[in-house]
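What follows is a short report on a single structure.
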Amino acid sequence: MSDIHALETNIWFTDVVLGEYDVRGVLLLGEQRAIVWDTLSHPRDMPGYQPLIGDRELVIVYSHADWDHVWGTAGLPYQNAAILGHRSCRTRFAEDVPATLEEKRSAEPGVWDDVRLVAPKQVFDNSESLDLGSMTLMLHHLPGHTQDSIVGFVPERGLLLMGDAAETPFPVVPEGSPLPRWIAELQHWEHDPRVRTVIPAHGAIGGREILQRNIAYLQGLLDEQPIDVSEPLTAFYRDTHRANLRARGLAD
Ligand SMILES: [Zn+2]
């Protein structure tokens with residue numbers, strides 16, 4: 001079970017502790033609809049939302065198809081829900097998403113039995129907008145961490161939901177990642193004066209400085225001059241930094 005916290009009026013978030021890191025999802029409540037931004041790692045991560053959702057129409061949005069963001073869907077009444085993601089997010093549900101679940105199930109028998117893989121029913125290529133009455137959630141493709149990564153912006157609140165497109169302290173960079181585009185898209189948001197609160201799925205919530213730090217980190221990789229990450233890091237982020245350097249062909 002996860003803890004649910006109020007961020008501001010009608011916006012809630014939940015942080016789930018996984019083995020090596022935490023993952024965060026967000027609940028946005030409109031007059032008629034509720035939007036769940038990521039269903040997290042396991043169906044048990046979700047039921048706490050239900051009393052808040054009440055009888056609102058449920059919309060689920062996947063920031064991307066990595067397991068820790070989409071495996072909790074069966075913990076919600078998803079059968080009648082709208083489920084949105086990027087077009088390539090849906091593709092992944094026929095490819096790496098089931099493969100990862102098979103791996104986890106054989107590594108940890110019993111633990112993942114309740115997980116149901118539920119692909120997006122509605123997909124988009126560049127952007128999509130969801131009306132919540134007094135708020136709007138605007139979805140934008142932001143590939144880099146994965147091809148299917150998106151971000152969500154609530155202009156009325158200055159709130160930017162990053163998924164894994166930005167993290168604290170820095171993102172996970174796969175081999176072949178389109179760094180120039182990733183950086184340019186983050187710069188676009190960093191220069192948008194409407195952005196006040198930045199919510200990554202991993203690491204502290206903050207402001208536009210999170211975008212600045214991620215841009216600087218990615219630019220360092222692109223320039224083959226990695227920035228110094230000598231600050232105290234968890235084992236996960238020490239490993240991630242080394243893997244990021246390897247993915248760019250840079251010596252540690
Ligand atoms: Zn993640």
Side-chain angles (χ1 to χ4, degrees), residues 1-18 21-64 68-70 72-73 75-78 81-86 120 122 124 127-142 149-168 186 189-190 192-211 214:
M1 193 61 83
S2 51
D3 286 337
I4 298 174
H5 312 273
L7 181 76
E8 47 184 89
T9 307
N10 287 330
I11 300 183
W12 303 74
F13 69 93
T14 183
D15 286 333
V16 173
V17 178
L18 301 174
Y21 53 86
D22 296 357
V23 65
R24 174 179 302 117
V26 178
L27 173 65
L28 304 135
L29 296 178
E31 278 87 65
Q32 322 281 346
R33 300 166 120 182
I35 300 178
V36 172
W37 170 266
D38 282 347
T39 62
L40 307 180
S41 69
H42 195 282
R44 67 169 170 256
D45 297 341
M46 285 292 108
Y49 279 168
Q50 201 52 57
L52 296 166
I53 294 170
D55 54 11
R56 289 177 181 83
E57 173 198 338
L58 177 61
V59 180
I60 295 169
V61 177
Y62 294 149
S63 68
H64 62 306
D68 48 326
H69 301 260
V70 302
T73 304
L76 292 166
Y78 67 88
I83 306 181
L84 280 87
H86 188 260
Q122 284 170 251
F124 63 94
S127 59
E128 185 64 84
S129 180
L130 293 167
D131 184 9
L132 281 167
S134 58
M135 289 188 279
T136 318
L137 178 64
M138 299 163 75
L139 307 176
H140 295 274
H141 191 207
L142 205 164
S149 290
I150 64 168
V151 296
F153 183 52
V154 183
E156 296 86 352
R157 305 293 185 91
L159 202 70
L160 187 60
L161 312 177
M162 296 310 297
D164 288 0
E167 288 186 38
T168 310
L186 291 179
W189 289 112
E190 195 243 321
D192 188 328
R194 297 174 301 170
V195 175
R196 289 200 329 247
T197 307
V198 176
I199 307 187
H202 306 288
I205 295 172
R208 277 187 271 169
E209 76 286 349
I210 292 176
L211 302 175
N214 277 259

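Worth knowing before you read on, the calculation uses all heavy atoms, side chains too, and leaves out hydrogens, waters and symmetry mates. Note that the structure is a prediction, hence the values are computed from the model and not measured. Sequential numbering from 1 along the given sequence is applied to the chain's residues.
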In Å, rounded to the nearest 0.5 Å, how long is the span from OH of Tyr62 to CG of Leu84? 10.5 Å
Quick one: CG on Asp38 to CG on Leu27, what's the gap to the nearest 0.5 Å? 12.5 Å
If you look at every heavy atom in Gln122 and Ala82, which pair is closest and at what distance? OE1-CB, 3.5 Å
Partner set under side-chain hydrogen bond (donor to acceptor under 3.5 Å, both in side chains) for Asp22, not counting sequence neighbours: none
Residues forming a side-chain hydrogen bond (donor to acceptor under 3.5 Å, both in side chains) with Asn10, sequence neighbours excluded: none
Is any side-chain heavy atom of Leu132 closer than 4.5 Å to a side-chain heavy atom of Val154? no
To the nearest 0.5 Å, atom CG of Leu142 lies from atom CG of Asp164 at 11.5 Å
Interatomic spacing from CG in Asp3 to OG1 in Thr14 - rounded to 0.5 Å: 6.5 Å
Is any side-chain heavy atom of Glu190 closer than 4.5 Å to one of Val195? no
Once you measure the plane-to-plane angle for His141 and His86, does it fall in the parallel (<30°), tilted (30-60°) or perpendicular (>60°) bin? parallel
Report the distance from atom CD1 of Ile83 to atom CD1 of Ile60, rounding to the nearest 0.5 Å. 4.5 Å
Applying side-chain contact (heavy atoms from CB on, under 4.5 Å), name anything that partners Thr197, two or more places apart in sequence or on another chain. Leu159, Ile199, Ile205
Give the ring-plane orientation class for Phe153 versus Trp189, where under 30° counts as parallel, over 60° as perpendicular and anything between as tilted. tilted
Give me the atom names and distance for the closest heavy-atom approach of Ile53 to Ala34. CG2-CB, 3.9 Å
Side chains of Leu130 and Arg33: closer than 4.5 Å at any heavy-atom pair? yes
Please report the shortest heavy-atom distance between Arg208 and Asp192, naming the atom on each side. NH1-O, 3.5 Å
Once you round to the nearest 0.5 Å, how far does CD1 of Ile150 lie from NE2 of His64? 10.0 Å
With heavy-atom distances below 4.5 Å as the criterion, would you say the side chains of Tyr78 and Leu58 are in contact? no
Going by salt bridge (Lys or Arg N to Asp or Glu O under 4.0 Å), name the residues that satisfy it together with Arg157, two or more places apart in sequence or in a different chain. Glu8
Identify the two heavy atoms, one from Pro200 and one from Thr168, that lie closest to each other, and give their separation to 0.1 Å. CG-OG1, 4.0 Å
Using every non-hydrogen atom in the two residues, find where Leu29 and Trp12 come nearest and quote the distance to one decimal. CD1-NE1, 3.8 Å
Would you say Arg24's side chain and Gly203's backbone share a donor-acceptor pair under 3.5 angstrom? yes
Over all atoms of both residues, closest heavy-atom pair of Gly207 and Val198: O-CG2, 3.3 Å
I'd like to know whether CD of Gln32 has more than 12 heavy-atom contacts from other residues, nucleotides or ligands below 6.0 angstrom. no
Give me the one residue out of Val36, Leu161, Val61, Leu7 that meets side-chain contact (heavy atoms from CB on, under 4.5 Å) with Leu28. Leu161
Is a side-chain N or O of Asp45 found less than 3.5 angstrom from the main chain of His42, in a donor-acceptor match? yes
Show every donor-acceptor pair shorter than 3.5 Å between a side-chain atom in residues 133-140 and any protein atom, with sequence neighbours excluded, or say none if there are none.
unit_1, atom_1, unit_2, atom_2, d
Ser134, OG, Glu31, OE2, 3.4
Thr136, OG1, Glu156, OE2, 2.7

Partner residues of Arg196 under the side-chain hydrogen bond (donor to acceptor under 3.5 Å, both in side chains) criterion, sequence neighbours left out: none
Decide yes or no for Ile11 and Val26: does some side-chain heavy atom of the first lie under 4.5 Å from some side-chain heavy atom of the second? yes
